2 protein chains.
Amino acid sequence: MRRNLATALEMEGFGVLTAENDVVGVATAKAELPDLIVCDVMMPELDGYGVIKELRADKATATTPFIFLTAKGEKPDIRAGMNLGADDYLTKPVVKADLLAAIRARFEREAARERELDSRIEEARRFAPNFDSPAPLEQKLGLTPREAEVLLWVAQGKSNGEIAVICGAAEKTVKHHLTQIFQKLGVEGRNAATLQALEVLSTQ
Amino acid sequence: MRRNLATALEMEGFGVLTAENDVVGVATAKAELPDLIVCDVMMPELDGYGVIKELRADKATATTPFIFLTAKGEKPDIRAGMNLGADDYLTKPVVKADLLAAIRARFEREAARERELDSRIEEARRFAPNFDSPAPLEQKLGLTPREAEVLLWVAQGKSNGEIAVICGAAEKTVKHHLTQIFQKLGVEGRNAATLQALEVLSTQ
DNA sequence: CCGTCTATCAGACCAAGGTCCCAGTTGGCT
DNA sequence: AGCCAACTGGGACCTTGGTCTGATAGACGG
C-alpha cells in the first residue's frame with residue numbers, strides 16, 4: 001500500500017519519503033521538513049493523531065500541510081483529525097485522482113499563502129525609517145531628549161546649521177550635543193552615528 | 001438555520017456577519033474581509049463552489065479560512081469542496097460542538113501560521129543594507145562603476161582618506177567622484193547621498 | 001542647600017569635506 | 001583617425017565638522 005502510493009506520487013513528479021510507522025514518521029518529518037505530509041491514523045504507538053500533535057507542537061513542522069489518508073472514515077474520526085489541525089482527510093478506498101487532487105489543492109493553498117506572505121515581507125523590508133519621534137533614539141541609545149532630537153535631524157542629512165535653526169539653538173550648542181552623542185554611541189563622526197540611528201529608527 | 005447558527009456563534013463571543021445567499025455572501029466577504037467563512041454548498045446562482053472560487057481568485061480573500069457546512073455529504077461533494085481550497089467540510093446534521101471545534105481548529109491553524117509569518121517578517125525588517133556589491137547603486141542611481149564603489153564606502157561611514165586607500169586612488173580622485181555623485185543624485189553632502197544609497201541597498 | 005543632569009553658548013583651533021578649474025590617460029565606438 | 005566617457009590627478013580655496021576648554025542657568029532629588 002505505502003509502496004504503491006509512493007511510486008504513484010513519484011510518477012507524478014513528487015519527491016517522496018516514506019516511513020514504516022508513526023514514530024519513525026515523526027522523526028523523518030522533523031529531520032527532512034517535507035512540503036506536505038500524508039499520514040494514516042491507525043498505527044501502533046502514537047497513532048495518526050499523536051503524529052500530528054507532535055508535529056504541530058514543533059515550530060519547524062507546525063505549519064506543514066498535513067493530510068490524513070485512512071480507513072477510519074466515521075464522522076467522529078474525521079472530526080478528531082481535522083480538529084487537531086489536519087488540512088484534509090481522505091477515507092479509503094481512495095482513487096489516485098482524489099489523492100493527487102487533494103495534494104495539489106493543498107499545495108495551491110500553500111502557494112497562495114506564500115504569495116501573500118511575500119507581499120507582506122516586501123512591504124516590511126522597504127527602507128522606511130520612522131523620523132516622527134526622537135523617543136526611540138532617546139531610549140534605545142541612552143540619549144537625553146535634546147540629543148535624540150539633534151540626532152534625529154542628523155540622520156536625515158541636515159547640517160549643523162540647519163539643525164540649529166530647526167531646534168532654535170545656536171550652532172555651537174548643536175555641536176556640543178553632537179560630541180556628547182558621539183561619545184555615548186562610541187563612534188567618530190556623524191556618518192557612523194547616522195547608521196546607528198537609522199538602525200534604531202528602521203527596526204522600531 | 002442561519003440565524004440559529006449566528007446566535008450560537010455570537011454566544012461564544014464571535015463577531016458574526018450573515019448573508020442570505022451566494023452572491024451577497026461574496027460581496028460582504030470582499031467588503032468586510034472576515035477572519036473565517038462558513039458556507040453552504042447548495043445555493044441558487046453560484047452555489048458554494050462558485051463562492052469559494054470567487055473568493056480564492058481575489059487576493060484579499062485568497063487565504064481566508066473557509067469551512068463548508070452543508071447537507072451535501074457524499075464523498076465526491078466533499079472532495080470537490082476541499083479541492084477548491086476549502087479548509088474543512090462539515091456535513092449536516094452538525095452538532096454545535098463540532099462546528100465550534102472546527103472553527104477553533106482553523107483559527108488555531110491560522111494563528112500558528114501567523115506566528116511563523118511574524119518571525120519571518122521580523123527577520124526581513126531588520127535593518128540590513130547589503131554592502132556586498134556596488135552594482136545596485138550603479139544601476140538604480142545611474143552611477144559609473146567607480147562612483148558606485150566610492151558611494152558604497154561612503155554609505156558605510158568611511159572618510160575620503162580611508163576610501164582613497166581602499167580603492168587605491170588619490171583622495172583628490174575620491175573627492176572628484178563624490179562631486180559627480182552629488183550632482184547626479186541632486187544632493188549636497190555625503191549624508192544625503194548616504195541616505196539614498198542605503199535606500200537602494202536595503203530594498204535591494 | 002548642594003551636587004548632578006541637562007541644556008545653553010563662546011572662542012580658538014585643526015581636520016575633513018567640498019568646489020572650481022584644469023589636465024593627462026585609457027578604452028571603446030564610429 | 002577622431003570622439004566621448006570614465007578614471008585619474010593637482011592646486012587653490014572656502015565651508016563645515018569636530019574637539020577642547022570653559023562658563024552660565026534651570027531642574028531635580030537627597
Side-chain angles (χ1 to χ4, degrees), chain A residues 131 133-201, chain B residues 131 133-201:
Chain A
F131 293 121
S133 157
L137 296 176
E138 192 178 336
Q139 290 156 14
K140 299 197 185 171
L141 298 178
L143 304 179
T144 70
R146 202 57 161 168
E147 286 165 359
E149 197 182 342
V150 169
L151 181 54
L152 192 69
W153 291 109
V154 168
Q156 289 169 87
K158 301 296 179 187
S159 70
N160 291 349
E162 290 173 312
I163 297 172
V165 174
I166 293 170
C167 294
E171 189 178 336
K172 294 280 182 180
T173 308
V174 174
K175 283 190 176 185
H176 178 70
H177 286 316
L178 272 174
T179 40
Q180 294 296 106
I181 292 170
F182 296 156
Q183 199 178 357
K184 285 186 181 176
L185 301 191
V187 299
E188 291 175 3
R190 66 207 295 120
N191 289 302
T194 296
L195 287 176
Q196 282 199 30
L198 287 178
E199 189 163 344
V200 170
L201 296 172
Chain B
F131 293 121
S133 158
L137 297 175
E138 190 178 338
Q139 290 155 13
K140 298 197 183 170
L141 298 178
L143 303 179
T144 69
R146 203 57 161 165
E147 286 164 358
E149 196 182 342
V150 169
L151 181 54
L152 191 69
W153 292 108
V154 168
Q156 288 170 86
K158 301 296 179 189
S159 71
N160 292 349
E162 289 172 313
I163 297 172
V165 174
I166 293 169
C167 296
E171 190 178 336
K172 293 284 181 181
T173 309
V174 174
K175 283 189 176 185
H176 177 71
H177 287 314
L178 271 175
T179 41
Q180 295 295 105
I181 291 169
F182 296 155
Q183 200 179 354
K184 286 185 181 177
L185 301 191
V187 298
E188 292 175 359
R190 70 208 291 120
N191 289 302
T194 296
L195 286 176
Q196 283 200 30
L198 287 179
E199 191 166 349
V200 171
L201 296 172

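Each chain gets a letter, A, B and so on, in the order its sequence line appears, and its residues count up from 1. Quick caveat: nothing in here was measured; it's all calculated off a predicted structure.
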Earlier contact from the 5' end, DNA chain D, for A/E188 and B/E171: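 Here B/E171 is the residue nearer the 5' end.
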Most 5' of B/N191 and B/T144 on DNA chain D, judged by nearest nucleotide: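 By nearest-heavy-atom nucleotide position, the 5'-most residue is B/T144.
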Among [options], the nucleotide that comes nearest once only the side chain of [X] is considered:
X	options	result
A/P145	D/dT16, C/dT6, C/dG17	C/dT6
B/F182	C/dT6, C/dT19, D/dG18	C/dT19
B/A170	D/dG10, D/dC7, D/dT19	D/dG10
B/T179	D/dG9, D/dA6, C/dG18	C/dG18
A/K175	D/dG17, D/dT8, C/dG17	D/dG17

Nearest non-hydrogen partners of B/F131 and B/L198, listed with the distance: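 Minimum heavy-atom separation between B/F131 and B/L198: CZ-CD2, 3.9 Å.
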Non-hydrogen atoms of A/R146 and A/C167 that approach each other most closely: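 Scanning both residues completely, I find the closest heavy atoms to be NH2-O, 2.8 Å.
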Phosphate oxygens OP1/OP2 of [N]: is one of them under 4.0 Å from a side-chain N or O of [X]?
X	N	value
A/N160	D/dT16	no
A/T173	C/dC9	yes
A/H177	C/dT8	yes

Nearest-Å distance for atom pair [atom1]/[atom2], residues [X] and [N]:
X	N	atom1	atom2	answer
B/R190	C/dG17	CZ	P	5 Å
B/Q183	C/dG18	CD	P	15 Å
A/R146	D/dA25	CZ	P	19 Å
A/K158	D/dT15	NZ	P	21 Å
A/E147	C/dC5	CD	C1'	10 Å
B/L185	C/dG18	CG	C1'	15 Å
A/H176	C/dC5	NE2	P	13 Å
B/E138	D/dA5	CD	C1'	13 Å

Residue mapping more 5' on DNA chain C - nearest nucleotide basis, A/K184 or A/K172: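 Nearest-nucleotide comparison on DNA chain C picks A/K184.
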Spell out, as yes or no, whether a donor-acceptor pair under 3.5 Å connects the side chain of [X] to the backbone of [Y].
X	Y	result
B/Q180	B/H176	no
B/Q196	B/A192	no
A/R190	A/L178	no

